[in-house]
Amino acid sequence: MKQKIEALLQQSLQTLVNENIIKTLPAIQVSRTRDARFGDFSSNIAMTLAKQAAMSPRDIAQHIINYLPADPAVTKAEIAGPGFINFYQAEARSLDVIRQILQQKTHYGHSQAGGGERVQLEFVSANPTGPLHVGHGRGAAYGATLAALMRATGYEVDCEYYVNDAGRQMNILAVSIWIRYLQSFDIKLPFPSNGYKSEAYIFDIAEQIKQAHQTKFVQTAEVVIQKLPTDEAEGGDRELYIDALITRARELLGKDNYQIIFNAGLSSILADIRQDLEEFGVIFENWYSEQTLADRGLITQAVEQLQQAGYIEERQGAQWFLSTRFGDEKDRVIIRDNGTHTYFASDIAYHLDKFQRGYQRVINIWGADHHGYVARVKAAISALGESADKLTILLVQFANLYRHGERVPMSTRSGSFVTLRQLREEVGTDAARFFYVMRKCEQHMDFDLDLAKSQSNDNPVYYIQYAHARICSVMTQLKEKQLQHKPDTGNKNLHKLTEKHETELMTKLAAYPDIIHKSACNAEPHLLAHYLRELANLLHAYYNAHHFIIEDKNLRNARLNLILATRQVLSNGLTLLGVSAPEKM
RNA sequence: GCGCCCGUAGUUCAGCUGGAUAGAAUAUCGGUCUCCGACACCGAAGGUCACAGGUUCGAAUCCUGUCGGGCGCGCCA
């Protein structure tokens with residue numbers, strides 16, 4: 001309908017150009033009105049033309065309307081306010097929406113706008129050193145919803161989790177497990193200050209290793225700690241100590257045995273993360289290991305490619321990537337003076353590989369604390385000859401949890417570390433998924449745990465789900481009254497739906513495809529969340545004002561068609577958000 | 001100090017590629033169940049869109065500055 005009006009305006013404006021009233025064709029904007037007093041659609045075109053035509057906006061608008069071709073879909077076009085042209089659509093158009101929804105069912109609102117473009121969406125990618133916490137939850141919910149929205153609008157999306165299984169943190173994890181393992185044999189060893197000290201799962205993994213391998217990795221305390229530097233607890237440096245301990249572990253255990261402990265930690269934690277996400281309704285097509293980048297020589301390859309392009313310079317024994325050439329604030333080290341590559345180097349290789357795997361668009365969802373990293377990654381992509389525009393980096397702000405009006409502290413140190421799993425257990429997956437995407441992602445968010453848990457109208461999730469359940473309940477009632485719903489009868493009598501509540505509901509239903517499109521294109525799932533609340537509100541208001549199960553068979557079936565169409569859209573929208581649409585509550 | 005994000009009703013937030021009287025929810029106050037689920041509906045009240053300039057027919061929206069909050073500025077990951 002929007003396109004239709006744009007086309008009509010286009011024709012009218014062309015005539016005006018031909019008659020030299022205006023010189024150039026401007027971009028035409030038509031939008032749905034936010035108020036029924038302004039008709040169904042509106043354009044500000046006359047106001048944007050006022051200057052070049054040297055006329056008042058209202059005068060231009062009159063000219064435009066005069067030349068507007070007649071169309072059965074448009075019943076009226078009128079000038080309003082400072083010079084808006086408001087369009088009123090024929091009733092048949094809005095009635096048609098109900099038929100469309102009932103026919104297209106779960107596909108209503110979907111489009112082919114993406115044209116099958118291959119998109120990679122990378123998100124969460126938390127270090128596999130422990131369970132996901134509530135901060136990761138927002139990225140997970142946001143990413144999964146964006147993926148669903150993009151799939152609904154014709155993109156081919158792969159979700160990917162980048163597993164940081166090669167860094168120093170992973171070695172710290174392995175050593176932490178090993179020390180706990182040794183301690184379980186009553187070997188008196190101090191736990192490293194910089195290790196994963198209070199994490200319960202470390203004990204569990206150590207115990208599993210003990211069960212599987214018994215004493216295979218046992219060493220005496222003397223051998224383990226001899227000649228190590230002093231740890232922080234004795235006034236030393238925690239970083240130096242843990243690095244020395246890692247080296248010691250490798251020497252004593254040998255490469256293979258060290259790897260067994262390392263892998264036990266990695267696979268156990270990764271399996272936990274994976275299950276956690278699945279229960280949260282977040283599924284990844286790919287789990288991409290950072291370690292394989294090095295194993296396949298891709299990091300060396302990426303560095304060489306930068307070298308050949310002339311963007312590498314040696315300074316003080318290290319290799320620097322000249323990212324300032326591409327707008328970064330400063331150049332970045334990619335190979336240290338000790339010959340090892342930095343995290344940034346593997347990230348360059350990783351992003352290069354994304355493009356080489358054929359993705360036409362690459363989207364990364366990062367925590368907002370990584371924003372300083374955006375420029376250098378884009379710089380690297382440009383330097384490697386790819387277009388940095390193909391990479392979109394979306395930053396998600398932190399969520400603060402509130403319980404009883406008080407902010408829940410969330411540091412690992414304070415011991416009140418809140419995991420995603422704990423959150424799900426407390427408020428449920430539906431509420432968590434909805435609350436996370438209810439806000440714009442660049443907006444700091446206050447997550448009210450009490451509200452998310454409450455089963456009342458305060459809680460938008462229940463409010464929307466209740467609307468869905470209520471419609472289901474009407475259908476149950478219908479059966480109990482020995483009545484049958486006749487969709488065809490309903491469709492033939494849609495013109496009887498003339499109540500204000502009914503036309504408002506239809507207008508809202510018709511807006512759904514636009515909302516999906518906009519949510520997907522702008523990566524703003526919160527638009528859909530808000531839309532669903534508004535739709536539920538109209539349904540509840542309608543329900544309270546009118547009866548559906550009435551004597552008049554024709555009107556009854558028309559009304560049932562309308563509420564079933566509403567149920568369909570509620571269900572479609574909730575599904576995209578990863579929230580269930582229950583039949584009973 | 002520099003950079004990025006944010007500042008809208010008591011509170012939590014929409015609205016931001018400039019458009020009509022700045023909207024919801026919640027809290028507060030007042031109504032609505034002999035009637036398909038009151039997990040709902042209807043109404044009232046609540047605003048210097050942080051502040052100050054600028055751009056123009058028009059600014060919550062764009063630009064500049066100030067103030068306030070968050071985050072980032074490693075040969076860490």
Side-chain angles (χ1 to χ4, degrees), chain A residues 27 29 31 33-35 37-38 42-44 47-48 50-51 56-57 80-84 86 127 129 164 166-170 172 239 290 315-320 329-330 332-347 367-375 395 397-398 400 402 405 438-448 451 454-463 465-467 469-478 480-481 483 522 524 526-527 529-531 533-534 536-537 539-550 556 559-560 563 584-585:
Chain A
Q29 282 178 44
S31 56
T33 55
R34 61 157 191 257
D35 194 310
R37 287 171 307 156
F38 305 137
S42 170
S43 178
N44 63 350
M47 285 178 285
T48 63
K51 200 160 202 178
S56 81
F84 290 100
N86 293 337
N127 282 349
T129 52
N164 296 116
R168 179 166 168 264
Q169 287 303 320
M170 289 306 295
I172 295 177
E239 307 292 345
E290 180 189 359
R315 291 177 203 161
Q316 289 118 30
Q319 305 292 319
W320 293 69
E329 291 173 345
K330 48 178 103 168
R332 312 287 174 176
V333 171
I334 61 170
I335 306 289
R336 299 186 189 100
D337 56 7
N338 67 10
T340 60
H341 66 262
T342 60
Y343 177 81
F344 182 40
S346 47
D347 228 19
D369 54 335
H370 286 74
H371 67 76
Y373 211 73
V374 174
L395 299 171
Q397 293 288 341
F398 300 120
N400 290 315
Y402 283 79
M438 203 165 52
R439 305 297 176 219
K440 246 186 340 202
C441 71
E442 64 264 35
Q443 185 73 256
H444 297 267
M445 176 175 91
D446 289 343
F447 193 124
D448 186 335
L451 181 59
S454 87
Q455 308 205 355
S456 73
N457 56 344
D458 311 2
N459 187 340
V461 185
Y462 281 89
Y463 185 83
Q465 288 180 322
Y466 178 40
R470 228 177 184 182
I471 298 168
C472 295
S473 174
V474 170
M475 299 314 286
T476 311
Q477 278 292 322
L478 190 74
E480 282 172 11
K481 293 187 176 171
L483 292 169
N522 300 344
E524 294 182 329
H526 73 280
L527 296 177
H530 284 271
Y531 170 87
R533 213 214 167 266
E534 289 158 15
N537 175 242
L539 187 277
H540 287 309
Y542 182 34
Y543 182 97
N544 276 36
H546 300 284
H547 274 256
F548 310 141
I549 303 176
I550 48 175
R556 180 177 73 225
R559 285 185 171 172
L560 291 174
I563 64 168
K584 272 185 196 163
M585 295 172 69

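Values in this document were obtained by computation on a predicted structure and should not be read as measured data. Just so it is clear: chains get the letters A, B, ... in the order the sequence lines come, proteins before strands, and each one is counted from 1.
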Looking at the base of [N], is there any donor atom on it, or on the side chain of [X], that sits under 3.5 Å from an acceptor on the other one?
X         : N      : answer
Asn86(A)  : A20(B) : yes
His371(A) : G3(B)  : yes
Ser42(A)  : A20(B) : yes

Using a 4.0 Å heavy-atom cut-off, does [X] contact any base of the nucleic acid, only the sugar-phosphate backbone, or nothing at all?
X         : value
Gln316(A) : base
His546(A) : base
Tyr373(A) : base
Asn537(A) : sugar-phosphate
Asn127(A) : sugar-phosphate
Lys330(A) : sugar-phosphate
Ala80(A)  : base
Ala545(A) : nothing
Ala368(A) : sugar-phosphate
Asp347(A) : nothing
His526(A) : sugar-phosphate
Asp446(A) : sugar-phosphate
Met445(A) : sugar-phosphate

Rounded off to whole Å, could you give me the [atom1]-to-[atom2] distance for the [X] and [N] pair?
X         : N      : atom1 : atom2 : answer
Arg439(A) : G15(B) : CZ    : C1'   : 13 Å
Glu290(A) : C76(B) : CD    : P     : 14 Å
Ile334(A) : C76(B) : CD1   : C1'   : 17 Å
Glu329(A) : G1(B)  : CD    : P     : 16 Å
Asp369(A) : G70(B) : CG    : C1'   : 11 Å
Arg533(A) : A25(B) : CZ    : C1'   : 6 Å
Leu395(A) : C4(B)  : CG    : C1'   : 8 Å
His444(A) : U8(B)  : NE2   : C1'   : 16 Å

Phosphate oxygens OP1/OP2 of [N]: is one of them under 4.0 Å from a side-chain N or O of [X]?
X         : N      : result
Lys440(A) : G15(B) : yes
Gln443(A) : G70(B) : no
Arg336(A) : C76(B) : yes

Would you check if [X] and [Y] make a side-chain contact, meaning some heavy-atom pair closer than 4.5 Å?
X         : Y         : answer
Asn164(A) : Gln169(A) : no
Ile172(A) : Thr129(A) : no
Met445(A) : Met438(A) : no

Using a 4.0 Å cut-off on protein heavy atoms (strictly under), produce a 5'-to-3' string for nucleotides 27-34 of chain B with B for base contact, S for backbone-only sugar-phosphate contact, and - for none. S-------
For Phe38(A) and A20(B), are the ring centres under 5.5 Å apart with planes inclined under 30°?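 Here the ring of Phe38(A) and the base of A20(B) are stacked, with centres under 5.5 Å and planes under 30°.
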Aromatic rings Phe344(A) and Tyr373(A): how do their planes relate, parallel, tilted or perpendicular, breaks at 30° and 60°?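 The rings of Phe344(A) and Tyr373(A) stand perpendicular, inter-plane angle above 60°.
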Enumerate, in order of first residue number, the stems that involve RNA chain B, defined as 3 or more consecutive Watson-Crick or G-U wobble pairs with both distances under 3.5 Å.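 Stems for RNA chain B, defined as runs of 3 or more consecutive pairs: B:1-7 with B:67-73, B:10-13 with B:23-26, B:28-32 with B:40-44, B:50-54 with B:62-66.
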Using the [atom1] atom on both, measure [N] against [M] and round to a whole Å.
N      : M      : atom1 : value
A14(B) : G58(B) : P     : 29 Å
A52(B) : A59(B) : P     : 15 Å
A60(B) : G47(B) : C1'   : 11 Å

Closer than 3.5 angstrom, by distance alone: can the side chain of [X] be matched with the main-chain N or O of [Y] as a donor-acceptor pair?
X         : Y         : value
Arg332(A) : Lys330(A) : yes
Asn400(A) : Asp446(A) : no
Arg439(A) : His444(A) : no

Need the glycosidic conformation of C71(B): syn if within 90° of 0, anti if not. Which one?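 This nucleotide is in anti.
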Hydrogens and angles aside, do Ser346(A) and Glu290(A) bring a side-chain donor and acceptor to less than 3.5 Å of each other?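 The answer is yes; a qualifying pair exists.
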Ala166(A) or His530(A): which one's nearest nucleotide on RNA chain B is closer to the 5' end?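 The residue closer to the strand's 5' end, by nearest nucleotide, is His530(A).
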Of Ala469(A) and Ala541(A), whose nearest nucleotide on RNA chain B comes first from the 5' end?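 Nearest-nucleotide comparison on RNA chain B picks Ala469(A).
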Look at the side chain of His547(A) and decide which nucleotide, out of C36(B), A20(B), C71(B), has an atom nearest to it.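 Per side-chain heavy atoms of His547(A), the pick is C36(B).
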